[in-house]
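In what follows, a single structure is set out as C-alpha cells and then discussed.
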Amino acid sequence: KSEFLTELNAFYADTHFHEWFVANEALQKDIVRAFQKVSQQIDIEWLGKFFSNNANAEFRLIVCPLAGVNNYGVSMKRTDGTSLLCPVISCLTYEKGQYKFDSDVVLPIIVHEFCHPYCNPLIDRYWEGIAPTAEKAFREREKQLSKQAYTNAGIMMYETFVRASVIRYMQEHYTDKQVNVPRLIQIEEDAGFLLTETMFEALTDYQAKRHENHDMTDFFPLLANAVNGFDIGRYNEEKAEKEKQLVHYECNIKDGAENVPAGDIVVTITFDRPMRPSVSIGMTTEEFPK
C-alpha cells in the first residue's frame with residue numbers, strides 16, 4: 001500500500017492532476033447530469049431484499065468515462081460492520097455535442113456490479129461443495145472464458161451467480177415484451193456461463209419460497225444442490241438439438257471451390273424468429289468460404 005500511494009502521489013504531482021481536474025469541472029457536471037437519468041431508475045431496495053435483508057449497505061456510483069468500455073464491482077467493508085458498494089461505471093457515449101448513457105445498456109451493468117459484493121462471498125463460502133461441478137463446466141468452456149479474462153472456475157461462478165441474479169432483476173422490473181428471459185439466459189450460456197439457467201431457476205425457486213428462508217445465505221445450500229445436479233453431458237445433447245433450430249446461413253460458393261466465376265455472392269440467412277427492428281448482423285472474413 002505504501003509503495004502504491006507513493007507512486008500515486010508522484011503521478012498526481014507530475015501530471016498537475018488537480019489543475020486538470022478543476023479545469024474540467026463543467027464537463028464533469030454535464031456527465032453527472034446525463035447519468036442521473038439512469039441512476040434514478042435503479043431499484044436499490046430490491047438488491048438488499050433479494051440477497052440479505054441487510055440495511056447496513058451503502059450504495060454509491062463512480063462514473064468514470066476514462067475507464068472506456070470497462071466497469072468494476074468495487075466494494076469495501078468498514079470497521080463498524082457496514083458495507084460500501086461503489087462500482088466504477090463507464091459506458092458513456094457522445095452524440096451531437098451531448099453525453100449520453102443508454103439506460104437499456106447501462107442499467108443492467110450497474111445492477112451486475114452491485115450484485116458482485118453479495119454473490120462473490122457466498123461462492124467463496126460454499127466453494128468446496130460446488131467446486132467439482134464448477135470445474136467440469138469451466139473446462140468445457142475454458143478457452144472461451146479465458147479470452148474474456150475469466151480464468152478459473154471460481155471467477156466463472158461469481159459471474160454466473162451475478163448474471164442469473166441480473167436476469168431475475170430484469171424479469172421483476174420489465175414486462176415480458178421488454179425482456180425475453182430465455183434469450184437472456186441463452187446469451188449468457190453462449191458466452192460460456194453454462195450454469196446460468198440452473199442458477200436462474202434456483203433463484204426463482206428462492207423467491208417463491210422466500211418466507212421459508214431468512215436470506216440468501218440460508219438458501220445457498222439449496223442453490224448449491226441445484227448446481228451439483230447440472231449434467232454437462234445432457235446439457236450438450238440438448239444444446240445440439242437446439243442448434244438445429246438456430247440461425248444458420250448458406251453461400252452459393254462452396255468451401256474449397258477453384259476457378260470461381262465472376263458474379264454475385266449470395267448469402268442466405270435463415271432465422272429461428274423474426275428480427276427485432278434495428279438489429280444488425282456482423283460477419284467477418286472467417287465466416288466466408290475459403
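The basis for the numbers below is simple: all heavy atoms, side chains too, and nothing from hydrogens, waters or symmetry mates. Along the sequence shown, residues are numbered consecutively beginning with 1.
- Screening L222, L195, I123 for a side-chain contact (heavy atoms from CB on, under 4.5 Å) with V227, the sole residue that qualifies is L195.
- Hydrophobic clustering (side-chain heavy atoms under 4.5 Å, transitive across Ile, Leu, Val, Met, Phe, Trp, Tyr) keeps I110 apart from Y72.
- Atoms CZ and OG1, from F51 and T217 in turn, are 10.5 Å apart once rounded to the nearest 0.5 Å.
- E140 has its side chain within reach of N236: a pair of non-hydrogen atoms, C-beta onward, lies under 4.5 Å apart.
- The pair D231-K136 does not count as a salt bridge, with every side-chain nitrogen at least 4.0 angstrom from each carboxylate oxygen.
- Residue F230 comes nearest to L194 through the heavy atom pair CE1-O, 3.7 Å, listed as atom of the first residue, atom of the second, then distance.
- Neither V74 nor F59 shares a network with the other; the hydrophobic side chains, linked directly or stepwise wherever heavy atoms of I, L, V, M, F, W or Y lie under 4.5 Å apart, form separate groups for each.
- Summarising the geometry of A134 relative to M157, their closest heavy-atom pair is CB-CG, 3.6 Å, with the distance given to 0.1 Å.
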Item to check | side chain to side chain contact (heavy atoms under 4.5 Å, CB included) evaluation trace for C251 with I265 | outcome: CA-CA 7 Å; C251 182; I265 297 175; 3.7 Å; yes

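- Residues F50 and Y206 bring their aromatic ring centres within 6.0 Å.
- How far OG of S75 is from CD of E113: 10.5 Å, rounded to the nearest 0.5 Å.
- To the nearest 0.5 Å, the span separating CG on N180 from CE on M170 amounts to 10.0 Å.
- The aromatic rings of F35 and F101 sit perpendicular, their planes meeting at an angle over 60°, well past the 30° parallel limit.
- Note: the hydrophobic cluster containing Y174 also contains L203 (ILVMFWY, side chain heavy atoms under 4.5 Å, direct or indirect links).
- Separation of the Y169 and F114 ring centroids does not fall under the 6.0 Å cut-off.
- Residues S103 and V38 approach most closely at OG-CG2, 3.6 Å, considering heavy atoms.
- The shortest side-chain heavy-atom distance between Q186 and E197 does not fall under the 4.5 Å cut-off.
- Q178 contributes a side-chain N or O that, together with a main-chain N or O of T175, makes up a donor-acceptor pair within less than 3.5 Å.
- To the nearest 0.5 Å, the span separating CG on L61 from OG on S39 amounts to 7.0 Å.
- Shown here for L47 and C115, the closest heavy-atom pair between the two residues is CD2-SG, 3.9 Å.
- Residues Y235 and E189 bring a donor and an acceptor atom of their side chains to less than 3.5 Å of each other.
- V105 and V88 are members of different hydrophobic clusters when ILVMFWY side chains are connected at heavy-atom separations under 4.5 Å.
- Across T160 and T196, no two heavy atoms sit closer than the pair CG2-N, 3.7 Å.
- Hydrophobic clustering (ILVMFWY, side-chain heavy atoms < 4.5 Å, transitive): I253 and V267 are in one cluster.
- Considering CD of Q207 and NZ of K49, their distance stands at 11.0 Å, rounded to 0.5 Å.
- Atom CD1 of I155 sits about 7.5 Å away from atom OH of Y158, to the nearest 0.5 Å.
- Taking the six-membered ring where tryptophan is involved, the planes of F17 and F21 are essentially parallel, since the angle between them stays under 30° and well short of 60°.
- Counting all heavy atoms, side chain and backbone alike, A164 lies closest to M199 at CB-CB, 3.9 Å.
- By the 30° and 60° cut-offs, the orientation of the rings of Y99 relative to Y94 is tilted.
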Checklist entry - After noting the C-alpha distance and the side-chain angles of E188 and F200, does the key distance pass the side chain to side chain contact (heavy atoms under 4.5 Å, CB included) rule? => result CA-CA 11 Å; E188 301 301 353; F200 173 81; over 6 Å; no

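- Using a 4.5 Å cut-off on side-chain heavy atoms (C-beta onward), L145 and F138 make contact.
- A salt bridge links E172 with R168: the distance from a Lys NZ or Arg NE/NH1/NH2 to an Asp or Glu carboxylate oxygen falls below 4.0 Å.
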Checklist entry - Does the pair R60 and L84 meet the rule for a side chain to side chain contact (heavy atoms under 4.5 Å, CB included), with working shown? => result CA-CA 7 Å; R60 294 183 187 174; L84 173 63; 3.9 Å; yes

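- A heavy-atom distance below 4.5 Å is found between the side chains of K239 and D190.
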